[in-house]
Each structure stands twice: as structure tokens, then as C-alpha cells.
Amino acid sequence: MKGFSGIYGVMGEFNSEGALREAARSAREHRYEQLDAFSPLPVEGLDEILGRTGSWAPAWVLTGGVIGGLTGYFLQFWGVGINYPFNVGGRPLDSWPLFIPITFELTILGGAVAAVLSLFVLNGLPQLHHPVFAVPGFERVTTDAFFLCILSTDPGFDPLLVRRFFMQETGAVAVTEMRR
Amino acid sequence: MTDRKAKTNSPSGEPRPALPIVEAAVSPEASSRPLWRSLDELTGSEEFWVWARREFPHGAAEFGDGVGRREFLRVMGAALAMAGLAGCARPPQTKIVPYVDQPENIKADRPLQFATAMALGGFGTGLLVRSNEGRPTKIEGNPSHPASLGAAGPFEQAAVLQLYDPDRSRTVLHDGNIEPHGAMLEAVLEEVERHRPEQGRHFRLLTGSVTSPALAAQIEALRATLPAMKWHQWEPISRWSIHQGAQLALGQLAEPDYRLENADVIVSLDYDFLFLAPDRLRLTKAFTSRRRFDQVGFLQPNALLVAEPTLTITGSMAQARLPMAAADMKWLAWTLGAQLGLGPSPARKAEGGVRLWLDTATAALREHRGRSLVLVGPGQDAETHALVHALNQALGNAGQTVVYRQPAAAQPVDHLASMAELVHDLESNAADGIVILGGNPVFTAPADFRLGEKLGRARFSLYLGLYEDETTACCRWHVPEQHFLEGWSDVRAVHGETSIVQPLIAPLYGGVSVHELMAAFLSQPAAQAHEIVREFWRQRLVPDGDFEKRWRQALSDGVIADTATPELGTSTGGGSLPGSARSEETAGQGYEVVFAPDPTIWDGQFANNAWLQELPKPFSKVTWGNPAIVSPAAAQELRVQNGDAIRIRHQGAEVEIPVWIQPGQAARTITLYLGNGRSRAGRVGDGVGVNTYRLRPSSGLWFCRDVEVTRSDRHAELAQTHLHHSLEGRDFFRVLPLTAFAQGKRAEGREPDPEQNQTLYGPASLNTAAYQWGMVINLTSCIGCSACVLACQAENNIPSVGAREVSRGREMHWIRVDHYFEGDPANPQVYQQPVPCMHCENAPCELVCPVEATLHSADGLNQQVYNRCVGTRYCSNNCPYKVRRFNFLQYADTATPSAQLVWNPQVTVRSRGVMEKCTYCVQRIRTAQIQAQEENRPIRDGEVIPACAQACPADAISFGNVADPKSHVSRLKTLASNYSMLGDLNTRPRTTYLARVEWDANPPASPCQRDTA
Amino acid sequence: MGRKPAGLALSTGHRMIPGTAQSKEETRARAERAEEPPRLVQGVATFRSITEQISGIVLNRRHPRSWWIGFGLAFLLTMGLFYAISVLLAVGVGIWGINIPVAWGFAITNFVWWIGIGHAGTLISAILLLLLQKWRNSINRLAEAMTLFAVACAGMFPLLHLGRPWAFFWLLPYPNGMELWPQFRSALVWDVFAVSTYLTVSIFFWYTGLVPDVATLRDRAKNRFTRLIFGFMALGWRGSAKHWRNYESAYLLMAGLSTPLVLSVHSVVSFDFATAIVPGWHSTIFPPYFVAGAVYSGFAMVLNIIIPLRKWYRLENVVTEQHLDHMAKVMLATGLLLAYGYIFEIFFAWYSGDPTEQYSVVNRATGPYAPLFWLLLLVNVVLPQSLWWRSVRTRPVLLFFAALSVNVGMWMERFVIVVVSLNRDYLPSSWRMFTPTGWDWLTLVGSLGLFFALVFLFVRFLPMVTMFEVRDLLAKEKGKSS
């Protein structure tokens, strides 16, 4: 494997999500673990095949929301009740029903911010350069091309075997070897 | 000063202690005039003035218009040049004596009060003028002056704005060219010399009615040098018919002195005595003293019956009001007389409402012999006055409810005749030298006299006037007159009580005192007014030798003791009732025009006063103009709406004027307010309204019958502050029938006010301070005179916004007087309701302000923080009383230096984009608190008096600490008639009202036979 | 792109499968002839054709004349707006017709109206997403953009209507020398939070949805400059399975957050009125009633924009009459909710037994502004009933005018609520009419100009239809049919 350290992986191109799905499945059957797929649209069932499901995003959003909400209520209660109390319209200082709307809005804001952050952080974006961009025809991944990639980090990785696998076991229309 | 006011105005009415005296800085050698010449030179004389006049953005009409860059720079330049002028605003170089305050600790921040007096139509009203660092800033009534008794009306209070008016004339003019003061003096001496040989046969003096003893003496002295000269007098609002009527009835000229406090029944024939009388403030106090349902156990109210052509504030207080043409008033008087067994009964019999009114009046008068009073207005002729004098005698009222005094005027004359004679002499060249002392007669004289062009025939004509006005245009010489706050003089009240007029400030615009001008004619050109007046009184005040003491006493009291005119025997020549030829005359079927002084600018002399121009006229609430007042019936006949113009022709004169349809107006009477439509009033007053003098003939100074009225197709937008006059069946204005009141019924609304704890939260006890301020407004005593509105404007630096802004609904008055009509439009029930900020404990405005710009102080004030306000105007939307006012544009005039001198330094001047409103005069509260702290005592009840309460002649507004159950205001709030406006909204207002107590049945048969059940 | 992939292996890799390209085309063409076109994407559509069609609008230079005319017009109006604003700042809010008692006039009316319009986007993207309405896919991008621009226009007014606009930031909670906080009990402060949150979240939502499409533009861009711009905007999106997984869950969560948000925003706006004691404002039905009205006008505005656009850019195959039909139905439904609101406003006024409340209703129907009120009922309630007929819903021209009448009607409704309630409240003495000045009108028209200028710029520089979602749609349709 050390010999292949200059290689990022081998990429096979497919012309339909179905073909991609099939290729991924057979790759798994051939004991390939380190797989990545690229597609112009979310391909149903692919995650299950690749064996990566679930996302941390919900946890992020929950935290963000809770923080936002607490901030909201504290800001008001402390601001007009403790930090600089006023007699406003004869209302008591802790007029909590009037504090609900802002608390709510800040909850949403916190959640939403967390959601966007999760999207970028978890996806490692922004990342303007990546080896896959070097693959000829990869620009079509955002139009109608589908790619499956076996990474060189895979224990059973061997460029020749992998390329043969792509050409013989799957309907790949092109195979490319990616340098780091 | 506050504790002084407390003593004088506190309901307990303790006597005033002896007054400390202080002398202002005196530097005898320096007189004020040379200084002023030097300033003239400094500022480049004529060019500067002309240019400055053009460039100063002054006058409400211009507010809010964008200021271009160049204009801005010019204004700034002018402001710099004028800085020297502002610098001269300091106490005059003569001894003046403040009214109050300990001499030892005069502080710059502690304003002084000086007593002085203002003349209107010749008759004086005593005033206290507050002076901040030498600037007169606020005028209040003088409690020790009988014609004021501590109250001040709009005219008096607005005089301080007139003082600083940059449009006032600043220079001596000769044929329109600026001349030095000296040249004028030379011309005067020359003129006197010219007339001396013929003993002044061709010399004429024209004044208003003169009560000033010093001036009268000078005129007499002039007569001594020019025995053949003639002294003419002209007042557009003359009281001659009153005096002449007394002459007919009592055999000598007399001034009736009404004692309304003794009258159970008052019958007024076309006499708006709460507004027209020279002592209206005193009469208001006396009248309302018989309506004080807020005093414990008071159940002896007077009954007022009024017959009048147009609804007046007097008429609005009547139990039985009869709209009737002015021309019918004579007939009414004689019919009333006949019913009371006096004089022949007119052939024409009364029927319907008139009959009812007459019978009621007759019954009431009969029942209250000696405790009733009949009055008639100056617009009616001498015969009617004589009849009424006789009536009062017959009813035994003379001596009880009315006593007769010598007229206070130095030489009461028939002004019309006097003016007619003058005009004739001018025409026939019998007069070729004339001196006019104030009064703008060219504008106010009867149209058919054409005084203006006649004056042109005089070789020498000199006019002493505050403004370069219509009269200036017709005279060869114009001399700028001193404002009464600028120079020494003296004046008598209508019943003779004499005051020394003290100046509070050196002449701002180089004015000349009338006394000094007269002195010039007496060949004493160097004499100073101060010396003239002082010397005059030195001869009269020294029975006990110590003149200085008496003099200072007179100055500090504001009135000279024992100067009232002597009473006349009531029965002198009594009952010699002249038969009346014209008692049969009636208004007929044509339209009648009635001329009345304008409710806010009087005879036109206040036309350039933005405060008064913007003061809403009673009932119509029109500002900045004088629509013709027509009855609903007439409007229907003429097919006009409010603002549509009509043409009125009479004796060849014609005016085109918009109408205001006034409920309660006599059906075929059209009332025209005088004094508007000035052509040379100044930047504020020019072209505002319609000049109705043009229609006023010598044959009918007060009313003309059978005028020709046609509809014109023009329309004018009336700038009104109040458009909707119906109560809409709501309960914010509450009326208690007298019997219900006597039985202690509460003034209940549609819904009871919520309890304090009827909220989501329960009560929040955040009003923690020891003093909790509150106000009570008595709807029974309020006569709707608007004195409070002007007082508030003067005290709180409230800007005028001009006609355009008012018509857009942006007037700034912090307190307004709402008027509502109920019932038959031909003769409706009228209600007045002053509305300031209610200072709600649960203030809706505070809750919605996003930046805490309005919030509650610990002592219960609803405060507005101008610096913090961002101007969302949400508070105004959420204020159910709509008492908040917003600076939609830059209204405060920060560009005119002299306009800034009038500002009260204790009150912030608001800038564009911030909300403002009534503060309960918080500056006065805090001043009192500081005072109390210094003296280590609690604030006394009645020590804090807001400007509105202080000015109110009817004592309808009470203010004090509601946390103290013994305070006056707390006691009022416990009365059954006390209620909160819109209290069912749970706003818990601190300002509450005492319901208006009305007679159960109109009209009352016998007001005083009521048992306190 | 990138450096040349080196190595013999690669080239051999290519040699081994010659002529793949054409064979690829054949297979796909065959596949398509076999199945009938999906309903929501009409005509012969492939991933490539759809992508080319939509990205083409942005990427090729030439634009229909209608774009230039429309943009030019909108731009002029925008300049008018800026002029009006300059005068406003120089002279003061007094240039408007507002007075006491009507201290709020056009500014607040426009604010509420624009905020309402700004509700369609998030609603379509979020709620319809949660409701699995596939047809949303081809219109949500435009709707979201429209939301942003509408909210921007709306946000402008509360600032401009201040007496001292330069002090607006005092409404924000920030530590300051005065040690003051905003007065959190005021509905206006709630507005600040609600509207700013809404704007932020909408921007996130919109941009998130934009990333994969911007990546497409990056990859299809012809010249280097556009490729750079879109490259940066795409943040290096490469459509990997991981991307898609996190993307879909985050997007779904944001939809979940936006749904209560979009409902809360107009509720909070309605609190400006509902928490005040002005008769005609003080009503508990306001929040739902305002939200319904918001969605109503929002959809109307979407239709008013999308109907011309789909014609000018020949998008009939993507934005089908099917879509129009759906949107019209939503409009009809919310319109009926609104009508229900009208009726119950009247009922509550009567039921409250409060004469001032009752009078405020009577005043609307018979007072000085009565004609406006009846016209409002006509254009806002009566005319839209035509949407019951499918023939109207699917005829773009008719639908366009129906939507137009709704937009006008909704503006009039805001005006009636704001002004007609204020002009006659508790004390008759202060009753007064409101008459707008030229500046009022210029500001209103100008804000429309700004809005449309932004819309025009958007369709010029960003894909107005979400390409990847349409691809997804296509795929799902295929999956169904095969």
C-alpha cells in the first residue's frame, strides 16, 4: 500500500444513478470499504449501501435552539428586570408573558444558525480544491454524471485490481486514477 | 417664587405677608437709547434692518419649509450680527422692583417676578412677569390686582411673544426713509412751534381711550400750550354706549361695576361679559364662584339667561340661551322691561321660544329682586343701556349686584363722533398737523371714513406704533413704540385701580415711550419716561412724606392702594327713563351682520402674534383666520358648507369670506370677526383671514341689517384643530343633574372602572415616592376661555406650526379645550372639556415605546424623554386621549435670535422627530421640591401650580399630591362627581374630571329653593 | 480545470472502452422513448436538457428585450425611491400625510404588506417540503428569492418611518454607555427580532438551497471569471454522498425551523396592532388572520412574477399549468380563511359589547373611508372566488389578473387596518382624516421598483429554478414509471 501513497483513489464514471447503485453494491461485495460516491442529485439508498447513515446535524440544531432560547429570555428578564428596571405602563418588572415572542424568535435563530454551520462543518466546506476535480469529465457530476470512487486508504487497494474491478464488474463508462 | 405663589393661590387663601424688596443694578449715567444708536451703527443701520427682515425665517407659516444652503448661511450670518442685539436683553438702567424672592440669595437660575400691567382698549390688567436672567419669559396674573386676581387671559400672556417679535418697527421713518431719532425730535419741536401762534387750532391728537394718569397729565399740559388743539379718541371696541346709557339713566357718565358673586339670576342681553368686559378675569372668577359644586355643601348656584346673536363662551354657560339677532335685542329688552312693569310695551308680541325665555327671565328676575342682574352689551345703543340701568334700579339690584363708578378713562368720549369730527377736520383742512399715539386707526376706523386717504391731506402726521402698519403707510413720520414690557408708564383698570407699568427689559428695537414723545411735544425732548412717571406720582403719593416707600410698595404690589374710582350714588337722577322710538325695530327678514372682536387677535393688534393666531377660537376651533359665522339654517339657504365662500355687500362695500356653520347662531345673523386680513401686520399676520373692517360702516359699528349675501364659488380650507363636535353617545363627558348631585349620586359611566388588581399580573406597586401628583378639572366652572392653552404654550416652549400644519392635524398644544354640541343645532347644549395628558398609572403609551422614551416616574408622572425618543409615534396611536404631540418637522424656530429669548430656560426645546406632551409642568414640581428641601420642609399643598391652573380665571384646574388625603386635590377626587375619562380602559388616569352639574330642567324656575336632601 | 491527470494507466483506461459516448446517448434516448413524460416536468426532458435549459438562462449573454424593459422601468422607480428617501431624511416624516391621530400611514401599511408577500417563499420551501409536495421543487427557488427581496423592502419602512431614523439602532439590544436596553415589552421590539430572524433564516435557507446549483454553474461556466465567481460561491461542492446526506438532513431541519418561524413572523407583526388598545386593532383574531393574509398575498405575488417569467424564458415545461393550478388553490384557500377573519372581526366587535369597537366596524363600512372598504371586499374576496373554476386556475392570463387583484386588495386591507382604525378612535375631538402626499405615493411605488429590480437581477444572475431538485423530480418520476 505504501507504494500507492501518491494516489488518492480510483474513480469510475457511470451514466445513471442505477448503474452507480449497482457498482457501489458490487464494490461492497468485493470487500471495498473506503468508498465515496458523487452524483448530481441525492441517490436513494446509496448511503445504506455505502454503510454510512445518519447525521450529526439534528444534534447541532437542538443545541443551537436551546442556547438561543435561553439567551432570549435571560436578555429580557435581566435587562429590564435587574440591570435597568423601569416602571413601564404600571406593569411588573417580570412581565413574562410579554417576553415570550423574543424568546421564541431567538430559539429559531439559534437553531437555524446551527443548521447552516453543521452543513458546512460536517461537509468540510468550503474546500475549493479537491483531487476529484482533476478527474476528466468530473464537471458533469453537477449535470448528469455519476461517479464511484475507491480510496487508496482502503486496506485492499491496488490500482490495477480496482481498475479491473471497475471495468469488468461494473458498467463504468470511464475509469480514472487520481493523484493526490 | 413658588412658595409666594403658593401663599397667594392656595385655596386656603392665606394673606400675603409683607414683601421683601430688591433693587436691580443701577448705573444712572447710562441710558438705554445711546446704546441703541450705537448698535444701529454696529449693524449697519437701514441696509441691515431691511436685509435682516427679509432673511430671518420667522413666523409660523414658514416652519418646516426646507432651508437652502445659501439661505442657511445668510441666516447664520444674520444670527451672528444679531448676537449683539440679544446681548442687550438685560434689565433696564433704572430702578425696578421685583415682586418676590429674598434679596440675599438671588441666584442666576432663580427667576425673579416683577409686577406690571398691560392695557387693552385702554384698561389695565395687573400682571406678574417672570424674568430669567433679565429676559421676560412668562406672564401671569397679579393676585393683588383687582382686574386679574391672579389670572391671566390669552392676550396678556401672549404679550411676551409680541415683545420679542422681530417684525416690530425698529427705526424712525420719514416718508418711508430711515431718519435718526434726533431728526424726529427736531421735527416735533418745529411742529409745536408752528402751531403755537394759532394756539394749535390746526393741531390734532389721536389716541385710544387713555387711562394713564401720567399721559393724561401730559396731554393736559400740551393743551395748556396749545389751547385750541383737539384731542380725539378712537377705539374700535368702544364702551361709549355703556357710559352714555348711564348718563341717560343716572344723569352722569358711569361705569357699572358688576358684583356677579351676589347675583342669583343673571340675564345678559347680547353681552359676552366673560370675554368682552375689560375686567373679564374678575367677572369670570365672580361668576364661577357661584358654580363651585366642588365646595362642600354648595347648592346655591346662579342661573344665567343669555340672549345673543352668536354663541359665545358666556352663552355656553347659560341655563337658558336664546339665539336672537342683535337688531332684535332692543325690542327684547323693552319687552322684558314692560313685563317687569317698566316702560311701554312694544307692539310686537313675543311667541314660541322667545316667549318662554322672556317669561322665565321675568319670573326669575321677579323672584330675586336685589339678587339678580340684567346686563346688556356694548353693541346695543345707549337707550337700551339706560333701560337696563333703570331695570336694575327697579329690581333693587343697584347697590347689590351692580354699583356705578366714575369711568376710569381720563376723558370718556363718543369715539365714533370724535373720529367723525377728526375726519371732517382733515377733509376741510381744518387740521394740518396730527399726532397718532398707537392703535392703528387707519385699519380700524369705519370704512366709510376713509381715514387713510384723509390723513394724506395733513401736512404733518406722526404715528407712534409698535409696527410699521397700515397707519404708518398713511403718515409722514413713523416712530417705533416701546412695548409695555420695555418702558415706564402707568395704567388704570376699568374701575380705576392704578398700576405702575414697570419695564423688564431695555428696549429691544429702540422703541420710544409715549411719555417721552409727549415730552418732546412739551419741549422736553431729553425727559425719560421713568422720571416723567415718577415725578407725576411723586406729587400724588406723598401725603405721609415717604415717597420712596410708597413708590416701592406700589411697584412691588403692582397696584397703587386706594385708586379705585369713587362709587356714585345709585339713585342719582334715577328712573328718568327715556321713551324709545326704535324699540319697535327688528332685524327684519334680510340677513344681519354682527361685528365682534376676534376671540384671539382682538381688534387686530395681535395679528402678528403666532401664539394667538394659532389659538383655536371657541367652538369653531378655527385657527389662522376668521370665517364668517353662519347658522345651519342660513347655510342651507345659501347652499354652503364649511369653508365655502360667501359675498357680503353693504353700503357699496363687499367682502368675500369663507363660512363656518355654527350651531346656536341666530338664524339670519352672520357674525364677522374683526382684526383679520391685515396687509401690514408682519410676516406672521399679513394676509391671514379677511379684513372685515372694510364692511364696517360708521352707521352700524356693531351690526348692520339687510345686508346682501350671495354664495361665491370659492372655497378655503379652514385650519381647524377639532372637526367632530358630537359626543357620539359616549361617556367621556359626564353631566350630573342638580337634583341627582344634591342626592350625592355618582357621575357614573357606561361601565364601572376596573379594580386595581383586575390585571393579568396583579397590581405593580412601582409608584414609590412620597408625593404622587394628580390633577382635577372641574367641568362646571370651565368656561372654555383657552387661557390654559396659551399659558401652557408660553411655559413649555411650545412652537406654533402655522396654518398649513394645523390643517394637516399637527398642532402642538399640550392642553386643548374640546367643544361638544348636543341637541337641537339651532340652539344646542354646549360642553367644554380641557384635555391635558392624563398621566395614566397604567399608561398605554409607555407599554408600546420600544426605547423607554416614555415611562413613569416614581411620583406618578408619565415622562417623555426627548433625547431617547426615536419617533415611532406608536405611543400616540396607543393614547386613547390623543394628547401626545409630534414634531413632524423642525417646528421650534432656532434661527431667529429674538424668538429664542422668549424660551423658558427650564424646559427643553424639542427638535424634529420627537414626541412631546403635557408634563404636569415638571419643572415647577422640581423647583418646588428643591425649595422645600432647602427649607427642610414638606412641599405645601397648592405650592406646585402648573401653568394652566395658574392662568385659569375660573379656578377649574386643581393640582396637588394625591398621596396626601388632606390635600385639596385628594378631597376633590373623593367627590361623587369625580370621574376618570375612559376609566373603563383601566388606564387609571391621574387627571380626573368633576362632572358638569346641570339644571334638571331648562330653564330653571327658581334655582335657589333647593333642599339639600 | 486542475492539472492534467498523468500516467499511462489512465490513458489505457480510456482506450479500453471506445465510443462510450454515443452508446451512452443511445441508451438514454431509448430509455426515454419508453416512458411517457412525467407530469410535473413536461416534454422530452433529461438531466442534461433540464440543466442546460435552466443554467443557460444565466450563462448565455443574450436576454429577452422584455428583461431590459422591465429592469429599466424598475430601476427608474428605484431611483425615485432613493430620491424620496433623501428628501425624507433631509426634511422629516412631515413630508408624508401622517398627523395626530393617524400617526402611522403608508409606511406601516407598506411594511405589513411587504412582510406578508415575503411569506410565500419560506412557506413553499419549508411547509410544502414537509408536506412532501413535489411540485414545489420547480418554484421554490424563485419564491425564496422573492421572499428575501420582499422582506428587504419591508424592513426598509420601519426604519424610514422613524422621526429620527439615524437612531434606529436604539431598538437593538447592545451594551451601551446609557446602559439602556430596548423596552422588550413593546411589540415594535418584537418586530425587530422577528423580522431580522426571518430575514437571516431566509437567507440561510436560500443560499443553502443554492449551493449545488451554483456548483452546476461553476462546472458549466464558459469563461474563467464566471467560473471563479460561482466557484467561490459553490464553496467546493462536489456532490459526494456525504455532502448529500448532511445536506438533506440540515435542509429538512431548517424547513422544520422555518415553519413555526414563518407563522410567528406575521403573528408578531399583527401584535403591533393586537396589543394596542386602538378600537379595530385590539383583536385576538389578528395573528392567524394576518398569517392567512400573508400567504394569500405571497402566493399572489409569486404568480404575478412567475407567469410572465415562464413565458419570457420558455419555462412552461418546468413551471407547468399544474403548478399554477396548485398555487391558485392555495390562494383560494387562504383567501377564504381571510374572509372568515373579516366576518369574525365584525362578530367580535358586536360580541364585545364595546361601543367604540362596534363603532370602528361601522366606521369602516359607512365612514369617510367606506368606498375603500367595499372596494377591498370586491378585489380581495369577491373576485378571487373565480379561482373555483379550473379554467381560470389554468389560464395564465386570467390567473395573473386574479393574483393582481389580490395584491392590490391586500394592500388596501393593510391600509384599512392601519389608517381607518386610527382616524376615529375614542375621543371624537381628535378624529381626523389621513390624506397621503406625493411623497407617500412615490415611496410606495419606489419600493415596488426596488423589489422588481432585485427580482430581475436575480433571474439574470442566478438559476431561478432549482436544478438539482428538478433532476431529483425527474429521477423520481422515472423511478415511478419504470
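In what follows, chains are A, B, ... by sequence order, proteins preceding strands, each numbered from 1.
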Open item on the list: If you define the side chain from C-beta out and look only at heavy atoms, does anything of C:Val93 sit under 4.5 Å from B:Phe886?
Closed with: yes

Task: C:Val102 side chain near B:Asn877 side chain, heavy-atom distance below 4.5 Å - done: no

- [ ] Starting at CD1 of C:Ile277, measure out to CG of B:Asn878 and round the result to the nearest 0.5 Å.
- [x] 5.0 Å

- [ ] Could you tell me whether the side chain of C:Trp431 reaches within less than 4.5 Å of the side chain of B:His722, counting heavy atoms only?
- [x] no

- [ ] Go through the atoms of C:Trp190 and report whether side chain, backbone, both or neither lie under 4.5 Å from a heavy atom of chain B.
- [x] neither

Task: Rounded distance [0.5 Å steps], CD in B:Glu811 versus CD1 in C:Ile100 - done: 8.5 Å

TODO: First locate atom SG of B:Cys875, then atom CG of C:Leu188, and finally report the distance between them rounded to the nearest 0.5 Å.
DONE: 10.0 Å

Task: Side chains of B:Val851 and C:Gln183 in contact at under 4.5 Å (non-hydrogen atoms) - done: no

Task: chain C contact via B:Gln833 - which portion, at a heavy-atom distance below 4.5 Å - done: neither

Task: chain C contact via B:Ser726 - which portion, at a heavy-atom distance below 4.5 Å - done: backbone

TODO: Any chance you could measure C:Thr356, atom OG1, to B:Arg750, atom CZ, to the nearest 0.5 Å?
DONE: 7.0 Å

Task: For chain C, the option from B:Gly809, B:Cys879, B:Gly871 that forms the most heavy-atom pairs under 4.5 Å - done: B:Gly809

Task: C:His161 backbone acceptor or donor facing B:Arg873 side chain under 3.5 Å - done: yes

Open item on the list: Please determine whether side-chain contact (heavy atoms from CB on, under 4.5 Å) holds for the pair C:Trp166 and B:Val870, giving the CA-CA distance in whole Å, both sets of side-chain angles, and the decisive distance to 0.1 Å.
Closed with: CA-CA 8 Å; C:Trp166 47 89; B:Val870 297; over 6 Å; no

Open item on the list: For chain C, which candidate among B:Arg884, B:Met915, B:Glu728, B:Gln720 shows the most heavy-atom pairs at distances under 4.5 Å?
Closed with: B:Glu728

Task: Main-chain N/O of C:Asp272 paired with B:Tyr874 side-chain donor or acceptor, under 3.5 Å - done: yes

Task: chain C contact via B:Pro844 - which portion, at a heavy-atom distance below 4.5 Å - done: side chain

TODO: Tell me yes or no: between the side chains of C:Ser429 and B:Tyr820, is some donor less than 3.5 Å from an acceptor?
DONE: yes

Task: Separation of B:Arg810 CZ from C:Asn99 CG (nearest 0.5 Å) - done: 7.0 Å

- [ ] Show your reasoning for whether side-chain contact (heavy atoms from CB on, under 4.5 Å) applies to B:Arg816 and C:Ser430.
- [x] CA-CA 10 Å; B:Arg816 61 174 195 260; C:Ser430 26; 4.0 Å; yes

- [ ] Answer with side chain, backbone, both or neither: which region of B:Asn867 has an atom nearer than 4.5 Å to a non-hydrogen atom of chain C?
- [x] backbone

- [ ] Check whether B:Ser807 gets within reach of chain C through its side chain, its backbone, both or neither, counting any heavy atom under 4.5 Å.
- [x] backbone

TODO: Check whether B:Leu985 gets within reach of chain C through its side chain, its backbone, both or neither, counting any heavy atom under 4.5 Å.
DONE: side chain

Open item on the list: Between B:Leu982 and chain C, with a heavy-atom cut-off of 4.5 Å, which part of the residue counts as in contact: side chain, backbone, both or neither?
Closed with: side chain

Task: C:Tyr351 atom OH, neighbour heavy-atom count above 12 within 6.0 Å - done: no

Open item on the list: Under 4.5 Å from any heavy atom of chain C, what part of B:Phe732 do you find: side chain, backbone, both or neither?
Closed with: side chain

Open item on the list: Please classify the contact of C:Ala90 with chain B as side chain, backbone, both or neither, using a heavy-atom distance under 4.5 Å.
Closed with: backbone

TODO: Given side-chain contact (heavy atoms from CB on, under 4.5 Å), test B:His724 with C:Arg424 step by step and report yes or no.
DONE: CA-CA 10 Å; B:His724 199 91; C:Arg424 292 189 165 187; 4.2 Å; yes

- [ ] Side chain from CB out, backbone as N, CA, C, O: work out which of these in C:Ile98 comes under 4.5 Å of a heavy atom of chain B, or both, or neither.
- [x] both

Open item on the list: Between C:Val192, C:Thr435, C:Leu180, C:Asp191, who has the most heavy-atom pairs with chain B when the cutoff is under 4.5 Å?
Closed with: C:Leu180

Open item on the list: Whether the side chain of C:Trp170 engages the backbone of B:Cys869 through a donor-acceptor N/O pair (distance < 3.5 Å, no angle test) should be reported.
Closed with: no

Task: C:His282 atom NE2: more than 12 heavy-atom contacts under 6.0 Å - done: no

Open item on the list: Is any side-chain heavy atom of C:Met178 closer than 4.5 Å to one of B:Arg868?
Closed with: yes

TODO: Pick one of side chain, backbone, both or neither for C:Phe273, based on which atoms fall under 4.5 Å of a heavy atom in chain B.
DONE: backbone

Task: Close side-chain approach of B:Arg912 and C:Arg164, heavy atoms under 4.5 Å - done: no

Open item on the list: If we define contacts as heavy-atom pairs under 4.5 Å, which of C:Thr275, C:Ile95, C:Leu89, C:Val87 has the most with chain B?
Closed with: C:Leu89

Open item on the list: Are C:Leu427 and B:Lys882 packed together at the side-chain level, in the sense that at least one heavy-atom pair is separated by less than 4.5 angstrom?
Closed with: no

Task: Which of C:Val189, C:Leu422, C:Asp354 touches chain B most, by non-hydrogen pairs under 4.5 Å - done: C:Leu422

Open item on the list: Does any backbone or side-chain atom of B:Val817 lie under 4.5 Å from a heavy atom of chain C? Answer side chain, backbone, both or neither.
Closed with: neither

Task: Cation-pi, C:Tyr359 ring and B:Arg730 (6.0 angstrom, 45 degrees) - done: yes

TODO: Please round to the nearest 0.5 Å and tell me the distance separating atom OG1 of B:Thr872 and atom CZ of C:Phe168.
DONE: 15.0 Å

Task: Student check: side-chain heavy atoms of C:Trp96 and B:Phe888 closer than 4.5 Å - done: no

